[in-house]
Amino acid sequence: MRKINVFDTTLRDGEQTPGVNLNFEEKLQIATQLERLGVDIIEAGFPAASEGDFQAVKTIAETVRGSSVTGLSRSVQKEIDAAWEALKGGAEPRLHVFIATSPIHMKHKLRMSPDEVVENAVESVKYAAKKFPHVQWSAEDACRSDLDFLVRIIEKVIDAGAEVINLPDTVGYITQEEIRHLFTYVQEHVPNIDKAILSTHCHDDLGMATANSLAAIEAGAGQVEGTINGIGERAGNAALEEVAVALKIRNDHYQAETGFTLSEIKRTSSLVSKLTGMIVPNNKAVIGDNAFAHESGIHQDGVLKETTTYEIITPDLVGVSSNRMVLGKLSGRHAFKEKIKELGYNATEEELNRVFKEFKKLADKKKEITDDDIFALMTEEKAGEMVKHYELQTLQVNYGTNNIPTATITMTNPEEKIIQEAATGSGSVEAIYNTIERIIGGEAKLTDYRIQSTTGGRDSLAEVYVHVEYAGDEASGRGTANDVLEASARAYINAVNRVLNQKKWPRKNIEKIHV
Ligand code: KIV
Ligand code: ZN
């Protein structure tokens, strides 16, 4: 079996998903889980983009030891320097530097001639290779680039010190036959290609990112890039869990495998979904809720007689457990601590104490506490905001079919003063949001609101995701509670707190890498 290196860009390309903004602790939590999943290279961010990105990449590089941590940089010395400062404490510092190579990008975006692009790419790789032991070079929009131009520039950047050559399908345009041809052509025409690993990075604009990644692997790619759940710019990136499971299930065909611990897939997917607010569709391949559900009578009958009739992936393979009832109201701290360990968390005593308190509160309201509930509580604990500017104290809502919905809320403000306000709205949620707006003393515009339950059952925890524009900035927020209205209030306050935290470390103009 050929080993395919997995390069995960959930924290960089994935974070470019509209409406997704992860805070420092959330990024660290995802990076730690990616390490547990067995990702070879974690792209932790774009260090030159903002002080926040810089600090997140630095902390991840210094914390994660089982995966190589990388950061993105344009072909600009100042950005390479920033990346080095962020990554130099890592176990295996690695730079990902890129420049566009397609005629469209060179002419309209870079306004550079092909010769200037070659010169710039070579200079940057040489400069980077003096600092970094590992340099990856990407030809942005490679799949719409001239093949002979690619051959010329790749040979030169390998000579300059690049050891991984990534050929992205930046706009999700290529077909399987074409990507196979591209990878074959490069291997047949670049004289020093044996000194580098070829990498594939596909976007999903035509719904072909996974198929194209697999086709590139068939044609010799030794590294595959993508994100968990396929999140990312526009229609997203190749979903890594799909690629890894396809290689596993069809290893007879591909003769290749990743180093993934496949049973960590479901956990990783749920964590990314929860923290980004990107809900996984029920019919999503490999990890969707319906991926293992058999609805029609003929299928059920077949599966009952022999599972392989309609099931090519077993739930166990990707870590979909029976989500059994684990703990209850009478469970003690010891059992709780063991459960947290079993779920793969490293919790400090302080964290344990706080989550145990939340668990007890939940157990008072909910009879059966499942793994998913504990996972939700632990995720919230680990994702604590850097600073809680506003905090919910009490919430009361008056609703009746013939009444005007009214909310009364008590919150602490950034000066830790307790403020109480009341307001009405056309519905309970609007009444809550109008009341919060009074307390924060500014207009906040709600641009997205989504709700889902953490588990099945009528006593499930509610999870609310919002996107809010406030004080000239915007952020997503998340709230979890037994009650949908409380979860709604918490999500809104969370978004406002994130806006205020972002103001501390504003992003520069280069927030979006793609044009
Ligand atoms: O899609 C793309 O081209 C990218 C590059 C920055 C590698 O994400
Ligand atoms: Zn990309």
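One-based numbering, in listed order, for ligands and for the atoms of each.
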Is the shortest heavy-atom distance from the side chain of K27 to the side chain of I30 under 4.5 Å?
-> no
Does H96 come within less than 4.0 angstrom of ligand 1, counting non-hydrogen atoms of the residue?
-> yes
May I ask which of T9, T170, V171, L72 has a heavy atom nearer to atom 3 (O) of ligand 1 than the others do?
-> T170
When only distance counts, is H201 in polar contact with ligand 1, meaning an N/O pair under 3.5 Å?
-> yes
Are the charged groups of D115 and R152 less than 4.0 angstrom apart, N to O?
-> yes
Go through S67 and E35 one step at a time and tell me if the side chain to side chain contact (heavy atoms under 4.5 Å, CB included) criterion holds.
-> CA-CA 6 Å; S67 313; E35 182 186 18; 3.8 Å; yes
Under a heavy-atom criterion of less than 4.0 Å, does R12 contact ligand 1?
-> yes
Per-residue contact class, D13 against ligand 1 - non-hydrogen pairs under 4.0 Å = side chain
Opening angle at the Zn ion (ligand 2) [NE2, H203; NE2, H201; to 10 degrees] | 100°
Within-cut-off N or O pair, H203 and ligand 1, under 3.5 Å = yes
Mind running side chain to side chain contact (heavy atoms under 4.5 Å, CB included) on Y465 and K274 for me, showing each step along the way?
-> CA-CA 9 Å; Y465 298 94; K274 192 180 283 290; 4.0 Å; yes
In plain terms, say whether K445 and E474 are close enough for a salt bridge, that is, a side-chain N and a carboxylate O under 4.0 Å apart.
-> no
Are any of the side-chain heavy atoms of P93 and H134 separated by less than 4.5 Å?
-> no
Do any N/O/S atoms of E233 come under 2.8 Å of the Zn ion (ligand 2)?
-> no
Purely on distance, is any nitrogen or oxygen of N166 under 3.5 Å from one on ligand 1?
-> no
